[in-house]
Asker: 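Mind looking over this structure? Questions follow.
Hydrogens, waters and symmetry mates are skipped; everything else that's a heavy atom, side chains included, is used. The sequence lines fix the lettering, A, B, ..., with proteins before strands; numbering per chain opens at 1.
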Amino acid sequence: MDTLVSVSLWGPPPDAAQGAFESAFGALAEVDRTMARVKDHPLWDLNLAGGGVLDPGTGTVLEAALDWAETTGGAFDPTVAPLIDLWDVLAGPHPPPSPERIAAARRRVDWRRVDYDPTSRRVDLGGAALDLGAIAKGYALDRAAAALRVAGVDNFIVNAGGDLYLAGSKGGRSWRVGIQHPRDPDGFLRVVEPREGALVTSGDYERFYLWEGQRVHHILDPRSGRPAAGCRSVTVWAPTAMAADALATAVFVEGPARGLALVEGHPAAEALVVDAAGTSRETTGFAAAAPEVGGGR
Amino acid sequence: MRRRWTWADAVVVAALLVFNLWGFQSRSGRTVSGVEVLGLGSRQVVPLGFGTLRVSGPLGATVVEVGATSARVVSSPCPLQLCVRSGAVDRPGRLVACLPNRVVVQLVGGDDREGVDAVGR
């Protein structure tokens with residue numbers, strides 16, 4: 001998943017905590033092993049082969065990913081791999097790709113090419129390539145949370161590079177989360193005490209470089225083939241991290257107006273958006289899902 | 001001749017101490033207390049200003065430089081050099097990771113910004 005994961009527990013004695021940690025990290029490692037698009041890993045081989053039979057976890061994630069792709073009209077698209085490779089934001093400053101190369105990569109991006117049968121778990125990629133990075137991290141958080149509950153732990157935070165699953169409390173008070181300000185590295189946009197569930201943030205400030213004054217970041221619009229331009233950051237609360245993860249990407253790509261409308265259509269999810277001008281907007285229920293410490297601004 | 005210690009000297013020394021302690025904190029109150037360096041089966045915590053250290057991994061040695069206010073990976077045997085390109089980190093919680101060589105460099109310390117348990121980013 002190309003990120004550092006931490007698990008914070010409250011309450012269990014050290015022996016029980018150690019077992020819980022091992023269960024949680026085992027679940028995280030299994031998702032990383034099966035769903036990271038890394039050479040010699042199953043997803044890499046699946047893309048090379050153009051399809052195959054998926055393991056149950058990857059099947060669950062792909063089925064959800066295709067559902068989100070349909071729901072969001074392709075703002076979330078699990079076949080965005082050619083564009084990720086083309087832009088290669090992690091490689092650091094370099095000239096953005098030409099319009100011709102972007103167009104060529106876009107022709108290979110279309111979730112509707114993917115034919116997946118959940119019963120047999122057989123998939124035909126139809127010439128597309130999968131990258132589950134925008135949803136598998138959420139699934140991994142959910143799996144780790146489930147493993148912790150099975151281990152008897154009720155109060156915890158699983159933190160995958162700033163994407164969070166929170167459960168229970170910390171010694172009788174709610175877990176407290178600072179939402180990173182997208183332009184002030186030392187500042188918080190807001191400090192909140194979220195309800196039990198996931199709080200996932202997508203921003204243009206974590207993985208980016210500046211080229212001729214333009215911010216080139218890693219959240220790509222599958223439809224334009226370019227970094228999405230409408231938002232600086234999107235924070236989504238949802239009961240599951242997989243839903244929050246997919247929605248955070250989709251809202252970022254859609255931009256504040258259509259993105260917030262998209263979330264309003266999902267009664268279980270809420271969102272806080274900082275638009276490209278730096279203005280914060282949120283869904284009607286975000287303040288209830290993640291109350292601000294101190295009771296408001 | 002040996003100069004006598006005066007109250008004025010004490011005030012200057014106290015001011016310098018306060019200034020230096022303040023200098024170790026960011027303007028939001030995040031204090032770097034050290035640098036944690038994880039290798040394959042190894043863990044070291046060294047203070048800022050420690051200098052250079054080598055961490056062995058499956059691909060070879062990663063060289064880490066721990067300066068007065070930041071830490072960075074100077075060289076690495078990994079193919080993409082993402083860890084080297086990441087540059088220096090200077091805030092608690094920030095890290096540089098070399099996944100191929102299994103090395104993580106993380107600044108440790110308090111993130112006491114309003115007493116949060118986690119940062120969503």
Asker: Which answer fits B/Ala118, side chain, backbone, both or neither, if we ask what part of it has an atom under 4.5 Å from a heavy atom of chain A?
Answerer: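 For B/Ala118, the contact with chain A is made by backbone and side chain together.
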Asker: Which pair of heavy atoms, one from B/Val116 and one from A/Phe188, lies closest together, and at what distance?
Answerer: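 Result for this residue pair: CG1-CE1, 3.7 Å.
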Asker: Can you tell me how far CZ of B/Arg121 sits from CG of A/Asn159, rounded to the nearest 0.5 angstrom?
Answerer: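 If I round to the nearest 0.5 Å, the distance is 8.0 Å.
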Asker: Checking heavy atoms, do the side chain of A/Leu164, its backbone, both or neither come under 4.5 Å from chain B?
Answerer: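 When you check distances to chain B, only side chain atoms of A/Leu164 fall under 4.5 Å.
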Asker: Can you tell me which portion of A/Asp163 sits under 4.5 Å from chain B's heavy atoms? Options are side chain, backbone, both or neither.
Answerer: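 Both parts, backbone and side chain.
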Asker: When heavy-atom pairs shorter than 4.5 Å are enumerated against chain B, which of A/Ala91, A/Gly92, A/Ser233 gives the highest number?
Answerer: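 Of the options given, most contacts go to A/Ala91.
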Asker: Name the atoms and distances for all side-chain donor-acceptor pairs under 3.5 Å in residues 75-84 of chain B, with sequence neighbours left out.
Answerer:
{"residue": "B/Ser76", "atom": "OG", "partner": "B/Cys78", "partner atom": "N", "Å": "3.2"}
{"residue": "B/Gln81", "atom": "NE2", "partner": "B/Ser76", "partner atom": "O", "Å": "2.7"}
{"residue": "B/Gln81", "atom": "NE2", "partner": "B/Cys78", "partner atom": "O", "Å": "2.7"}

Asker: What pairs meet the side chain to side chain donor-acceptor pair (under 3.5 Å) rule with one or both residues in residues 46-56 of chain B, with sequence neighbours excluded?
Answerer: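 Sorted result for residues 46-56 of chain B: empty, none.
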Asker: In this structure, are over 12 heavy atoms from other groups packed under 6.0 Å from A/Arg232 atom CZ?
Answerer: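 Check passes, neighbour count above 12.
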Asker: Taking all heavy atoms of A/Arg173 and all of B/Gly115, pick out the closest pair and write down the distance.
Answerer: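 Shortest heavy-atom separation between A/Arg173 and B/Gly115 comes out as NH2-O, 4.0 Å.
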Asker: For B/Arg102, is the CZ atom crowded, meaning more than 12 foreign heavy atoms sit under 6.0 Å from it?
Answerer: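 Open.
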